[in-house]
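Keep in mind that what you see is a predicted model, and the values were worked out from it rather than measured.
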Amino acid sequence: MKKFYCRGKTPSSEEYFDDGEWVVGYYTCFNGLEHRIYNGYAETDCGDYYPDWESVVPETVGRYTGKEDIHYDRIFEGDIVSKVVNDKVLTGKVEYADGAFGVRFADGSGQFLCFFADDCEIIGNIYDTPEFMGN
């Protein structure tokens with residue numbers, strides 16, 4: 001089984017006054033029902049350790065691309081990135097297609113992330129700040 005380093009958002013819950021937080025770790029889905037990201041180990045009262053995990057909303061799960069932006073922040077699927085090229089600001093969302101990570105721009109064109117990531121900046125993501133994509 002191949003492990004993917006991912007990011008996902010916890011479900012909102014009025015019971016706990018939680019508006020959904022981002023967690024990073026290894027994604028697992030059990031029987032198509034329980035979606036979790038494992039993010040370390042927790043210690044029990046008797047000194048044993050067990051895997052620590054958070055439930056996540058499956059639609060928000062995005063894989064780590066292996067690239068970082070100019071601020072050394074990890075770039076994940078679903079991030080919105082921006083870059084200045086020839087005095088023009090290009091903004092697009094990071095997605096995975098045809099075996100590679102790329103940036104899809106609002107006009108439908110695209111660019112491989114490996115050519116775009118070195119001097120781009122993460123300005124948001126499609127879940128929290130979809131307005132940054134423009135139309």
Donor-acceptor pair, side chain of Thr10 and main chain of Glu21, under 3.5 angstrom: yes
Backbone of Arg63 reached by a side-chain donor or acceptor of Glu77 within 3.5 Å: yes
Rounded distance [0.5 Å steps], CZ in Arg7 versus OH in Tyr127: 8.0 Å
Side-chain donor/acceptor of Thr65 to backbone N/O of Phe101, under 3.5 Å: no
Joint cluster assignment, Val103 & Ile80, ILVMFWY side-chain distance < 4.5 Å: no
Derivation of the side-chain contact (heavy atoms from CB on, under 4.5 Å) call for Val94 and Lys67: CA-CA 11 Å; Val94 176; Lys67 298 288 184 183; over 6 Å; no
Tyr41 atom OH: more than 12 heavy-atom contacts under 6.0 Å: no
Where Asn39 and Glu54 come nearest, the two heavy atoms and their spacing: ND2-CG, 3.9 Å
Same apolar cluster: Ile126 and Val81, side chain cutoff 4.5 Å: no
Transitive ILVMFWY side-chain link Phe105 to Val85, under 4.5 Å: yes
Exam field: side chain Tyr64 to backbone Val24, donor-acceptor pair closer than 3.5 Å: no
Distance (rounded to the nearest 0.5 Å) between Ile37 CD1 and Cys29 SG: 11.5 Å
Atom of Ser55, atom of Pro11 and distance for their closest heavy-atom approach: O-CD, 3.3 Å
Qualifying salt bridge (Lys or Arg N to Asp or Glu O under 4.0 Å) pairs, either residue in residues 94-118, two or more places apart: Lys93-Glu95, Glu95-Arg104
Mutual orientation of the aromatic rings belonging to Phe30 and Tyr38 [parallel < 30°, tilted 30-60°, perpendicular > 60°]: perpendicular
Phe116 with Ile123, same ILVMFWY side-chain cluster at under 4.5 Å: no
Pairwise side-chain contact, Trp22 with Phe76, heavy-atom cut-off 4.5 Å (strictly under): no
Beyond-backbone contact of Ile75 with Cys120, side-chain heavy atoms, under 4.5 angstrom: yes
Atom pair CZ (Arg74) and CG (Asp79), whose distance is rounded to the nearest 0.5 Å: 11.5 Å
Flag, side chain of Asp128 to backbone of Asn125, donor-acceptor distance under 3.5 Å: no
Step-by-step side-chain contact (heavy atoms from CB on, under 4.5 Å) determination, Glu131 to Thr129: CA-CA 5 Å; Glu131 66 273 9; Thr129 53; 3.9 Å; yes
Residue list, side-chain hydrogen bond (donor to acceptor under 3.5 Å, both in side chains) with Asp69, at least two apart or on another chain: none
